[in-house]
Amino acid sequence: MTATAPTVTQAAFLQWLGAYFSENRIGEGKSLELDAPLAAYGMDSVDVITFAFEFEDQFGVTAEPGLFLGAETLRDVIARLREHGVIAD
């Protein structure tokens with residue numbers, strides 16, 4: 001099993017995602033592109049694991065880091081989390 005309840009709504013995740021990337025990756029007032037490669041935000045595998053743990057801390061869910069590691073874009077992360085029951089519409 002790759003995730004445990006509670007399930008996060010997509011709207012809550014997207015709101016947090018915008019705040020997280022504004023604070024940690026792109027700066028205030030810049031737009032977040034869900035289809036941009038994670039590398040465009042300066043993210044390497046260590047950053048992706050950190051991001052996964054921050055997600056767990058924020059939402060109180062457990063999601064295997066592998067769900068984040070193989071993703072090319074943030075849209076891929078969302079799709080993987082939805083596929084494994086972590087994010088709901």
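Owing to the predicted nature of the structure, the values given are computational and were not obtained by experimental measurement.
Note that the CG atom of L81 and the CG atom of D76 stand 11.0 Å from one another [nearest 0.5 Å]. The CZ atom of F68 lies 7.0 Å from the CD atom of E56; values are rounded to the nearest 0.5 Å. Going from atom CZ of R80 over to atom CZ of R75 covers 15.0 Å, rounded to the nearest 0.5 Å. Note that CG of L17 is 6.0 Å distant from CD1 of I78, once rounded to the nearest 0.5 Å. One finds the CG atom of L74 at 7.5 Å from the CE atom of M43 (value rounded to the nearest 0.5 Å).
Annotation: salt bridge (Lys or Arg N to Asp or Glu O under 4.0 Å) contacts of D57 (sequence neighbours excluded): none.
A perpendicular orientation is assigned to the rings of F13 and F55, their planes being inclined by more than 60° (bins at 30° and 60°).
Sorted by first and then second residue, the side chain to side chain donor-acceptor pair (under 3.5 Å) pairs involving residues 44-53 (not counting sequence neighbours) are R25-D47.
Aromatic ring centres of F51 and F21 lie closer together than 6.0 Å.
Between L34 and L14 there is a side-chain heavy-atom pair separated by less than 4.5 Å.
The nearest pair of heavy atoms linking D35 to T73 is O-CG2, 3.3 Å. Contact between Y41 and E33 at its shortest, heavy atoms only, is OH-N, 2.8 Å. Listed here is the closest heavy atom pair of T9 and I87: C-CG2, 4.2 Å. Shortest non-hydrogen contact noted between I49 and P65 is CD1-CB, 3.3 Å. The two atoms that bring L38 and A71 nearest to each other are CD1-O, 3.5 Å, heavy atoms only.
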